[in-house]
Amino acid sequence: MSGIVVACLLFSLGLYGVLTRREIVAVLASIEVMLGGATLLLVVLSSTYGTGAGTAAGANTAASGQAVALLLLAVVAAEAAVGLAVLVSLVRHGKTGVDDIQRVRG
Amino acid sequence: MTWTIIAPTLLAAAGAVCALAFDAFGMRRSASGAAVAGAVAAGAVPLALLPSSVSVAWVIPVLEAAVALITAVTLVGGWRRSTTSSSGPMSAALGGLVLSASLLVMITHDMVLLLVGLEAMGLAAYGLTALGGTAEAREATMKYVIQGAVATGLLIIGVSVLFVASGGSGGYAQVVTATGASPFPRSAIALAWALLACVLAFKCGAFPFHWWAPDVYEHSSPPAAALLASVPKIAVVVATAQLFVQRGLSSTMLTFATPVALIAALAAGSIVFGNLAALRQRSMRRMLAYSGIAQVGYALVGVVSRAPVAAMLCITLYGLAAAGAFLSVEAVGDGDPSWDGRIDTLAGLGSRRPRLAAAIAALMLSMTGIPLLAGFVGKLAVFSAAVDTGWTWLAVLGVVGSVVSFGYYGRVLGAAYLTGDGIAGSKVRSGAAEAATLLTAIAVVIAGMAPLFVGGLAALSLFAR
Amino acid sequence: MTILLVLVAVPLAGAVVAWVGERMHEGSARWVALATTTVQGALTVMAMSTATVAGPAGSGGNGLVALDGLSGPLVSLTALLGIVCVLASWSTRRGPGAYFGLLLWLQAAVTAVFLAANILALYVAWEAVLIPMWFLIGVWGHEGRRHAAMKFFVYTFAGSALMLVGILVALRNGASASLGASAFAVASTAQPAVFWLLLAGLAVKIPVWPLHTWLPDAHVEAPTAGSIMLAGILLKMGGYGFIRVALPLAPEAATAAGPLLATLGVIGIVYGAVMALAQTDLKRLIAYSSVSHMGFVVLALAVGTPAALTAAVLVMVAHGVTSALLFLLAGALYDRTRTLEVARLGGLQRTIPAWGTAFLFGCLASLGLPGLAGFPGELLTFLEGFEAYGWWMVAVAVGVVLAGVYNLRAVRRVAHGPEVPAWKGLADLDWRERLAVGLLALPIVALGVWPSLVTSAASPVVAALVARMGR
Amino acid sequence: MGVLTANAYLAVLVPLLASAAVGVFGRRSMQLSCWGALAGSVSVLAVGVACVLEPAGRRSVSLGWLASSSGELTIGWHADGLAAIMLVVVGVVASAVVVFSLGYMRRDPDPGRYFALIALFTASMSALVLADSLVTLFVGWELVGACSYLLIGFWYDKPSAADAARKAFIVTRVGDAGFMLGLAVLWGATGTLAIPEVLGRVAALPASTATVAALLLFAGAAGKSAQFPLHVWLPDAMEGPTPVSALIHAATMVAAGVFLVARMWPLFAASPAALQVVLVIGCVTALGAATIAVTQTDIKKVLAYSTISQLGFMFAALGSGAWVAAVFHLVTHAAFKSLLFLASGSVIHGSGTQDLRDMGGLWRKMPLTAGTWMVGVLALAGIPPLAGFFSKDAVIGAVMQRSVPAGAALVAASLLTGLYAFRATQLAFFGRWRGDVQDVAESPAVMTAPLLALAVAAAASGAAAGPVSRLLGAEAEPLSIPIAVMSVVAALIGCLIGSGVWGRDAGVENALPRWLERWWMAARSGYGIDDLYRRVVVRPVIGVAAISYVLVERVIIDGIVEGIGRATRRLGHGAAELQNGDPQRYAAWIAVGAIAAVAVTVWLGR
């Protein structure tokens, strides 16, 4: 049960970071934390809640859960890569803070 | 047999890879060509494999073909841009990737694959938007990334709960059976479905998760916007329809009673917000972006009234028109580079470029839902389904929304035809965009007229079931 | 049956040929339009004579097209106004190809509305009318055309959108899509919803007071041919829709709504007349007189007896030709004087006698002088109204007197009185305009002297409708 | 003779065709158009005479005019005695007027239109008279009103004529609105509008319905026959050419009201209350109009008010049940009043003025006109042996039996009649010529011939009492001597005062004593009723229209419509403002949105 709490905690912290930090770099970092928390939740759930934990079927759920988690890691990494790439182009034009990217509105 | 199902996705992806390869060797024209070829191939395969008799099984393959052809048209529309600027082939390749991901999203019946498809589509979209090249484009992309990340987080939570609940298989069917009896408490399952609904709403730009849409569609290059405003939206709505009205496509059982109210709220919110916000817009692309929100709302009405085919038809016909509309922005830009993208400065287009103006008129009126054009067919299917399943107030809201929509679609027509003077267009640099726009306009008219000849309008009720 | 499909196809074909023709050869559009409308007229006459005019709705092949006593007169009116419109806009210089193309498209769409034998086909044709009208007002209109075109489109579209929902609700509650003779009424629980939703679209079109404010703006800004088609035939789609769709679908709800509708009709009559009295612009005056005349139609529809419905058809056809004549003359005057401000006009009977006489004739017809088209329909409506609503008809009598007042006041201020020096050298009506006036004057007198031209056709069909409604 | 009575519709058809022919071809020559119009009026006369000589009874045809399922509105004609008399009257007067107009309208630039309208009027009048159903009667009734409108406004570029025409048509239409309501009541009560059936079912009607129907029909009649309070249009109608006044505003159209009541007599007879109203209105109009006529300075206005007064006599007779006497008085009045109008036309034509104060001593220069005028005036005053005496005496006799005060009022009115008749004669024909035109000459033969013909008719029509009442199916009552003596004495007193006072001093009106001066001026302006209507009815209606257009239409109804449009746009602003560009706000919205969705789903799904 504690695993789920940790995962949710991590997710909330990450979300909090995204919503409040003023530098884009920090926001991207918080995103990583958040997504990490979500992936952790998957692993914890599949291991604790697999049908009949400990039995063969249960192991099966846990295994496939971890496999998907690995896949998620790849997805999160791709997300971070693209985020950073965009950040680099923004920094090159001297915009690092969230306030600098508020011109497009209405 | 499974290969034939995945073939379109692979073909589109192959096209994209070839485009990248050619780009590496600096052969821009053949790079774009490869992307287009990939898209067309991806469209041809499902059509070739259609079962002989017309049945519900026709729906998904036909939609796949439609999505592929729309992508091809947008790539053709952006030909000048993709063959002249340095980042051109890159955007063509990304276009292929968007198509490939969208096709995956449409045909998959597995949660994990759905997640992967959605993410791939998102990433490719980030790329395409960034390639817009302007400071605003970069800003829009960054914002899109941030919001996308939050959505991905929610998606992962949702999928993981359902994945585990279904015993690690993740297939739609298993998920649905697991919803009834699962180790998790009912509220956890409800949370998962709700999150799934919200993320799908985010991906297709429904209210209140639409924030990225106006910025992205306004500041990405028009051909890219044409692609992003149509193909991903169609894919997500098709996925939503399948998920929430279950794979049988025709079965009326809803997997979970409660999300209907949530989707209905999303639909109503989108219709109201989309139409109202679009009224105020001065820039044509931003207006089209907001109107897209409303159009998604109409499609979601189909999902709510358990008519998946109607919802898919509605969003696809809209996608066709939206692609055409954005390509027309590119076409006008071709004719007059100094055009600031605002509606009012379209003045006199009717007299200067009659063919293009006529195409724009057809596209606008189709999106308004005027009969004899594609939009009306989609809306009629959706609204008759809504009325049949007792959601009459949603139908009335949708219909009133269509009326309000003439407020902004009509302003484009007004500018083009009713005001005499305006910017003097220079020689048209390249006809590709205009040709693509005309193609979509003709398709819209044909789709609108089709029911008249195919056994009268009463046949439309077929879609409503 | 095929001739009925042809009646819709001919104007459409004409529209395309006119539009394309103008590109190739300057000035050919109007001749193409004239030819098309004349052919359409001939076809209509043939269709009217061969179709079993008195019989129930003979539905076409795929249920799309039907002609009977109720739609016959209105289709004929459309054909006639088509020719008049072409004659009236003979000298348009701005994009004649598109102008005549749109005009013919409008005529095709309206004809399709009257011939539609299937509810959805009727709805599609109903909406298809909006687009050409929007362009006609918007592109060829006068100063305030953009606002007027937008207001016209959105207002009518809002009404017809609700009508669509009404149709869908009706289809859900057991109504058959075919408008023919099949069993018709919807389940009585759903009738109020169906009736009021349908009425939304119909009331905007007729127009029923207070949903009429789009009409004056649209008329003042529309070009001559636009006004003629708008007042002459577009308003009749509302009345026709009421009899063909709303009444059969929801008879009990229609009876229940009778008193309210009658009140709105009577208010419409008096209100339209009072407003016409207060106008300073000639076209706006004629527009409000249309509101007043259509008030009679609303009253007749509210009464709902077979005689009253026949009277409604009669008033619709009579008002069609009368208002077409008045708008034709107002347009002709505007082409000459570039103003329709009544204060600046005067003594035109002396300056342009032919126009003056035609205007006087039009105003006399408009005030319902017996012997001219307006009187029989209005008298029958008055009699049926009295039988149904008794002394409320005093208000209608006041309306009739006010009709006399504003019409004669218009004649007095525009045609009579000393000659105004500003308009000294105005050219009188040319042969095309005189032909158009003649084409309208003939039916005005014919209907006035012998109204059973229309009533003998409409009465049996309407009686059958009412009988089937079990009222 | 048979062929004429068989198809009496010729009386309508021939003038109609003549009118069309003259309208199209008459532009060129005056003679052609005059002959056309004459053909029309002569045909009416011929049919009238034929029907009189051979009362063929009811030869009527009714055609399904307005096929409607709940009852048949038919049109058709019905040549009975009353119709025959009216046709003769219309025929005679119309023919005289047409011939007279040849001379009177010689210098007019547009004779074609004039004679076409006269022919159309004749056709409509005979349609009205021959009508077999109330619908046809109403059609003729309105068409007659329209022709009067067109003829009063014949010189349409004269503002006063155009205004007078519009006023005439509108005031009569007010009456016609009542008529229409009456039609509706009868249609509701009897289910048909064919006159024989309606009258047949009158007995079955409840008294209240009959009274209401009768009063409504009387409203129409009062409008057309210029009875109080709808009389204001007739004096202004004098703006039209004088022959028109003679034909329409003396003999035919104004008599239509009397004809209507006579035609629908069983209905009126069935409701004493209605008859009481008719009697009162008749007497009030007779007396009031006579007092106004005395003070008029324009010769045509004198005759106009005289017509209103004489019509008042007829309605008084109708009100007291003597409809035969009323019709007989109608016949004689038509003769001498049209004579007087044509004579005044000849005077105006000759002397170039209509103002009595600028005339005088014309009998020397225009003996023929003066002579015929004298015949007319004596008949008007009711001096035996001329026609007026017999018909007016019958009327006064009948009214006296019914109610003495009414009879007294009529005697006073006949006194005043004699007064204004002879005042006008004195001022116009005797004394010194006060006008500035020198070469005053007698009118040409084409104008004086009809005068002579009408003079004979005016004189002889007195003897027609017997045949008229026989035609109407009632025997002629014998003259009661005391009534006759009283009315003749009253008339003579009036004549003496008239010729005496104005004989001594033509300008006596300018120096009247204070109290008389005030009354005199009031009477001259028609007791201010015209101004009253303008202030109380016309101006407020125009004002209300203008205000309600701005207030109700523009501000309220259109305001709401435009307001909805503007409000939607403003909402649009609000919606778009939500997007303020801050990505974190968007992300927050997404998070909050998701949480809300979850909460809703969980709560609903519990």
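Residue numbers begin at 1 in each chain, while the letters A, B, ... track the order of the sequences.
Most heavy-atom pairs under 4.5 Å with chain A, from the set B:Pro214, B:Ser160, B:Gly148: that is B:Ser160. Contacts with chain A were tallied for B:Leu123, B:Val145, B:Thr141; B:Leu123 has the most, counting heavy-atom pairs under 4.5 Å.
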In a table with atom names and distances, give each donor-acceptor pair under 3.5 Å that connects a side chain of residues 127-140 of chain B to protein atoms at least two apart or in another chain.
{"unit_1": "B:Thr129", "atom_1": "OG1", "unit_2": "B:Ala125", "atom_2": "O", "d": "2.6"}
{"unit_1": "B:Thr134", "atom_1": "OG1", "unit_2": "B:Ala137", "atom_2": "N", "d": "3.0"}
{"unit_1": "B:Glu136", "atom_1": "OE2", "unit_2": "A:Arg103", "atom_2": "NH2", "d": "2.8"}
{"unit_1": "B:Arg138", "atom_1": "NH1", "unit_2": "B:Gly133", "atom_2": "O", "d": "3.2"}
{"unit_1": "B:Arg138", "atom_1": "NH2", "unit_2": "A:His93", "atom_2": "NE2", "d": "3.1"}
{"unit_1": "B:Glu139", "atom_1": "OE2", "unit_2": "A:Arg103", "atom_2": "N", "d": "2.8"}
{"unit_1": "B:Glu139", "atom_1": "OE2", "unit_2": "A:Val104", "atom_2": "N", "d": "2.7"}

Just distance, no hydrogens or angles: give the donor-acceptor pairs under 3.5 Å from side chains in residues 25-44 of chain A, sequence neighbours left out.
{"unit_1": "A:Ser30", "atom_1": "OG", "unit_2": "A:Ala26", "atom_2": "O", "d": "2.7"}
{"unit_1": "A:Thr39", "atom_1": "OG1", "unit_2": "A:Leu35", "atom_2": "O", "d": "2.7"}

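For the pair B:Lys143 and A:Ile101, the tightest heavy-atom approach, listed with the atom from each and the gap, is CE-O, 3.3 Å. Summarising the geometry of A:Ile24 relative to B:Met142, their closest heavy-atom pair is CG2-CE, 3.4 Å, with the distance given to 0.1 Å.
Proximity to chain A (any heavy atom under 4.5 Å) is shown, for B:Val159, by neither the backbone nor the side chain. Only the side chain of B:Arg286 comes within contact range of chain A, with at least one heavy atom under 4.5 Å from a heavy atom of that chain. Both the backbone and the side chain of B:Val150 come within contact range of chain A, judged by heavy atoms closer than 4.5 Å. With a 4.5 angstrom heavy-atom cutoff, B:Tyr290 touches chain A only via side-chain atoms.
At a heavy-atom cut-off of under 4.5 Å, chain B is reached by A:Phe11, A:Leu15, A:Val18 from residues 5-23 of chain A, listed in order of number.
You'll find the side chain of B:Leu115 reaches within 4.5 Å of the side chain of A:Leu72, heavy atoms only. Looking at heavy atoms from C-beta onward, B:Phe163 lies in side-chain contact with A:Val68 at the 4.5 angstrom threshold.
A:Arg105 pairs by the salt bridge (charged side-chain N to carboxylate O under 4.0 Å, His left out) definition with nothing, not counting sequence neighbours.
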